[in-house]
Amino acid sequence: MKINIEYTKDKASKEDILALKTFIEKKANDSVKKVEIASKKAKKGEMGPGIVSGLTALLGSATGPLTTLAEALVEWVRLKRSEVRITGVSGAEIYISGKVKKEDLHQTIERFFAQEKENVKTGAKREKKLPPPPPPHNQQNTPSQDGK
């Protein structure tokens with residue numbers, strides 16, 4: 001199972017993301033097969049890869065590894081006083097803040113898997129955020145050539 005992990009409130013620096021990657025690799029090393037730094041694609045006209053946006057993680061199986069990872073992230077957000085979001089392939093999300101109790105994670109993870117399953121079943125996919133539409137052109141009413 002592939003998931004994305006990103007900060008929700010503050011823009012994280014590359015160093016913050018790298019520290020989180022190292023933390024996950026140490027805390028959840030048996031449950032996470034691979035952790036990579038993710039970056040947004042470069043926009044047209046930009047050179048090179050885009051800005052670092054978070055991490056992607058590949059879990060060996062579903063429930064157990066995600067629980068281990070989520071518990072590690074609860075510890076991380078308490079240490080760093082931040083918030084993170086785990087997003088599944090189909091768009092289901094788990095928000096982890098310092099207020100989350102480890103005891104409540106099991107129910108949250110069950111809801112996450114139910115939402116992922118439902119999204120896949122219905123064919124729902126993550127919506128890409130599109131830029132807002134341009135404002136309508138302000139056309140002035142001009143009299144026609146015949147004077148009407």
Rounded to the nearest 0.5 Å, what separates atom [atom1] in [X] from atom [atom2] in [Y]?
X    : Y    : atom1 : atom2 : answer
K21  : D16  : NZ    : CG    : 15.0 Å
L105 : L73  : CG    : CG    : 9.0 Å
L59  : K2   : CG    : NZ    : 11.5 Å
I37  : I17  : CD1   : CD1   : 7.5 Å
T67  : E110 : OG1   : CD    : 9.0 Å
I94  : I86  : CD1   : CD1   : 4.5 Å

Kindly give the heavy-atom pair with the smallest separation between [X] and [Y], and that separation in Å.
X    : Y   : result
T8   : V84 : CG2-C, 3.7 Å
V32  : A57 : CG1-CB, 4.1 Å
R78  : G98 : NE-O, 3.3 Å
S82  : Y7  : OG-CE2, 3.5 Å
E116 : A92 : OE2-N, 3.2 Å

With V35, which of I24, L58, T56 fulfils side chain to side chain contact (heavy atoms under 4.5 Å, CB included)?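 For V35, the side chain to side chain contact (heavy atoms under 4.5 Å, CB included) test succeeds with only one of I24, L58, T56, which is I24.
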Polar side-chain atom of N119 near backbone of S90 as donor-acceptor pair, under 3.5 Å: yes
Cluster check Y95, L55: I/L/V/M/F/W/Y, side chain < 4.5 angstrom: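 No; L55 is not reachable from Y95 via cluster members.
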Is any side-chain heavy atom of [X] less than 4.5 Å from a side-chain heavy atom of [Y]?
X    : Y    : value
I96  : W76  : no
T108 : V100 : no
I5   : I3   : yes

Does the pair E83/R85 count as a salt bridge with the N-to-O cut at 4.0 Å? no
Given the rule in the side chain to side chain contact (heavy atoms under 4.5 Å, CB included) test, do M1 and F113 qualify, once you have shown the distances and angles that lead to the verdict? CA-CA 11 Å; M1 171 182 213; F113 283 118; 3.6 Å; yes
